[in-house]
Amino acid sequence: MDRSGLNDSKQAITGSEALMLALKAEGVKTIFGYPGGSIMPVYDALYTYTRGEKKAFDHILVRHEQGATHAAEGYARVSGEVGVALVTSGPGATNTLTGVADAMLDSTPIVVIAGQVPIGALGTDAFQEVDLVGVAQPISKWSYQIRHAEDIAWAVSRAFYIARSGRPGPVVLDFPKNAQVEMVAFEPQKVNFVRSYVSYPKLDMEAVQTAASLINGAKKPLALVGQGVELGHAQEELIQFLEKADIPAGRTMLGLSALPSNHPLNVGMLGMHGNYAVNLKEQQCDVLIAIGMRFSDRVTGNPKTYAKQAKVIHLDIDKSEIDKNVKTDVAVIADCKESLPAITALLKKADHTEWRQSFLPLDEQERIKVIEPAIHPKEGPLLMGEVVNAVAELSPDDTVLVTDVGQNQLFATRYFKYHHQRSICTSGGLGTMGYGMPAAIGATFAAQRTVVCFMGDGGFQMNLQELGTIMEQQAPVKMILLNNHYLGNVRQWQDMFWNRRKSFTKMLNPNYELIASGYGIPYEAVTDRNNLKAAVSRMLAAKGPFILECAIKEDDDVLPMTPPGKNVDDMMLEPTP
């Protein structure tokens, strides 16, 4: 038998090699991982499949298992494929759980494969034993233990089907060592159906007709565009829908690249730190059309007062999102690639010029009070907004924006420009500090595109060890470190809502130049705005990785802001006194 192929299913091979062939059958090309005792047989098989004539995979050795899952997330978000992480049992497995939870909340398709002690040792508190299936079940789309080699083909195919189909999400496979070394006559399987799991609900044409009728009768329609549009590969269908009905559209943070920044119907980012006009207009529209988004509390503010004047149409593939946070008048439960054109076909050509123009005075208020001072300051220390703006202006149009979590994330998502699909990777639902650097590594392996990663000094240090992965792989991540010596977002809340009591948010930071030197990564620091654009140009021109540290004003605040628990139309353009 030629074990690099999938034709001969009669000759017995080890479970570890069967895993390699099962992954190959699913089209896997890149694996992010970290070896250990309970996964060693798999790594021995992987040795053969990462070199020579049998080479099927690139394996990226991360420096921490959490980094493996975030890298798999970044890979999945940019490529549209399933990201794969391979780790050992015990702490190796539990270290992945933050990434699993992050992927669950942000609908990111990854498969985590973790070693486990042999099934004969389960329940004995064996070395590095943990009930991975039990702890992963509440935060994953599916978790399963492969107890015998004969189950590998089915389990792997099912895992990838569940991860990528319907509303995507993470799957965890627990792989005991006995199943890794058992012999099996491997034959690939293709799972495309799971009983009781409806991955693509049947489109209800009555709901489609009701939704179209509401939109046709609307005087002030407003669309809220979420990541579901990109997950459903429905960007073109979205544009046709919006343009035919002349509907202004706001975008969630994860949905920012679903609609180009320069599209005339784009009216900005939704949410607590989104754009002023679109947030206020949510409270004035008469028909609200939510497309592939989940009405997060960061979008709705106080749900008791949110959009009570509007008829709400919710398009989503996941029935559990309907009426979860906001009461829906019409629910269209289907893949938006199917539901959007079905509704569009029933729409009348509309002109809502007067309604769209009513956004402009509010946009102008934000421009004068917030945007211009943030991106074109005349004096004082560097500001985060002007750094983001400089990078956005000089980067190629197809650049992928990756962020960590905090003020760096909020400034970056607000002021970056999005021209192409799948151009943003950020931790939305879980808000995971330390996400940025490993996710950016994964993004560089997903596509031949420039990848810029904005991080604060807090998040940068949370997965600092992944500089080792960047060094080894020469992953061309352009890292922009926005250093204000604070946990900036928490500091802002302390200043605004906690009587300026800065409780343990001031940071004593290391010498980042020495750290960069230790990893052999080019580094430059910017303290003067007159040098900013030249430094950004040098960073972008570098062939490999680069760290650009920017000395940022310590009390730079993200505005506008809807105070927590307040109504959307309580959004502030200026900080509280």
**Study point:** Beyond-backbone contact of L224 with F295, side-chain heavy atoms, under 4.5 angstrom
**Key:** yes
Check your understanding: With a 4.5 Å heavy-atom cut-off, do D457 and E549 have their side chains touching?
Key -> no
Exercise for review: Output yes when a side-chain donor or acceptor of D556 lies under 3.5 Å from a complementary backbone atom of M384, and no otherwise.
Suggested key: yes
Practice item. Assess the side chains of R251 and N266: does a donor N or O sit below 3.5 Å from an acceptor N or O? Key: yes
Point to revise | R422 and E230 ion-paired at < 4.0 Å | key: no
Exercise for review: Give a yes or no answer on whether the side chain of S261 reaches the backbone of Y418 with a donor-acceptor pair at less than 3.5 Å.
Suggested key: yes
**Study point:** Whether over 12 other heavy atoms sit under 6.0 Å from Y34 OH
**Key:** no
Point to revise | N-O pairing of E393 and K533 below 4.0 Å | key: yes
Study note, to complete from the structure: To the nearest 0.5 Å, atom CG of L383 lies from atom SG of C550 at 11.5 Å
Check your understanding: Does T96 reach the main-chain N or O of E65 with its side chain, forming a donor-acceptor pair under 3.5 Å?
Key -> no
Review point. Nearest 0.5 Å, what's the OG-CD distance between S143 and Q137?
Key: 4.5 Å
Point to revise | Enclosure of K55 NZ (heavy-atom neighbours >12, cutoff 6.0 Å) | key: yes
Exercise for review: Go through the side-chain N and O atoms of S320 and D318 and say whether any donor and acceptor fall under 3.5 Å apart.
Suggested key: yes
Review point. Is a side-chain donor or acceptor of K478 paired with a backbone partner of G544 at a separation under 3.5 angstrom?
Key: yes
Exercise for review: May I ask you to decide if G274's main-chain N or O and R414's side chain share a donor-acceptor pair within less than 3.5 Å?
Suggested key: yes
Exercise for review: Mind listing the closest non-hydrogen atom pair of M293 and G226 along with its distance?
Suggested key: CB-CA, 3.8 Å
Practice item. Indicate yes or no: at least one non-hydrogen side-chain atom of F175 is less than 4.5 angstrom from one of V42. Key: yes
Exercise for review: Indicate whether the side chain of Q421 and that of S257 have a donor and an acceptor atom separated by less than 3.5 Å.
Suggested key: no
Review point. For residues T30 and D58, is any side-chain donor paired with an opposing acceptor at under 3.5 Å?
Key: no
**Study point:** Side chains of N463 and Q465, donor plus acceptor under 3.5 Å
**Key:** yes
Review point. With a 4.0 Å cut-off, would you call E321 and R167 a salt bridge?
Key: yes
Practice item. State whether a side-chain donor-acceptor pair under 3.5 Å links N408 with T403. Key: no
Check your understanding: Is K190 paired with E26 through a side-chain N to carboxylate O contact shorter than 4.0 Å?
Key -> yes
**Study point:** Residue list, side chain to side chain contact (heavy atoms under 4.5 Å, CB included) with A439, at least two apart or on another chain
**Key:** V402, Y435
Review point. Going by heavy atoms in the side chains, are K543 and P476 under 4.5 Å from each other?
Key: no
Review point. Taking the six-membered ring for Trp, are the ring centroids of H59 and Y43 within less than 6.0 Å of each other?
Key: yes
**Study point:** Test log, rule salt bridge (charged side-chain N to carboxylate O under 4.0 Å, His left out), inputs K177 and E182
**Key:** CA-CA 9 Å; K177 203 167 185 179; E182 287 173 1; over 6 Å; no
Practice item. Measure from NZ or CZ of R51 to the centre of the six-membered ring of Y47, then state whether that distance is under 6.0 Å and the direction lies within 45° of the axis. Key: yes
Revision key, fill the gap. One should read off an interatomic distance between I31 CD1 and L61 CG, to the nearest 0.5 angstrom, of 12.5 Å
Review point. Can you tell me how far CD of Q116 sits from CG of L122, rounded to the nearest 0.5 angstrom?
Key: 5.5 Å
Exercise for review: State whether the side chain of H64 and the backbone N or O of Q66 hold a donor-acceptor pair below 3.5 Å, judged by distance alone.
Suggested key: yes
Exercise for review: Quick one: sort the Y75 and F32 rings into parallel, tilted or perpendicular, breaks at 30° and 60°.
Suggested key: perpendicular
Exercise for review: Please round to the nearest 0.5 Å and tell me the distance separating atom CE of M433 and atom OG1 of T98.
Suggested key: 13.0 Å
Practice item. Could you tell me the separation between the CG atom of L401 and the OG1 atom of T450, rounded to the nearest 0.5 Å? Key: 12.5 Å
Review point. Do F460 and M437 touch side chain to side chain, with heavy atoms closer than 4.5 Å?
Key: yes
**Study point:** Donor on one side chain, acceptor on other, T469 and E472, under 3.5 Å
**Key:** no
Review point. Can E236 and K337 be counted as an ion pair, charged N to O under 4.0 angstrom?
Key: no
Review point. Crowded around D125 CG? As in, over 12 foreign heavy atoms under 6.0 Å?
Key: no
**Study point:** Under 3.5 Å side-chain donor-acceptor pair for R449 and S423
**Key:** yes
Exercise for review: Taking atom types as modelled, find out whether Y197 and S165 have a side-chain donor-acceptor pair closer than 3.5 angstrom.
Suggested key: yes
**Study point:** side chain to side chain donor-acceptor pair (under 3.5 Å) involving S199 - partner list, sequence neighbours excluded
**Key:** Y161
Exercise for review: Verify whether one side chain among Q461 and Y512 offers a donor that lies under 3.5 Å from an acceptor in the other.
Suggested key: yes
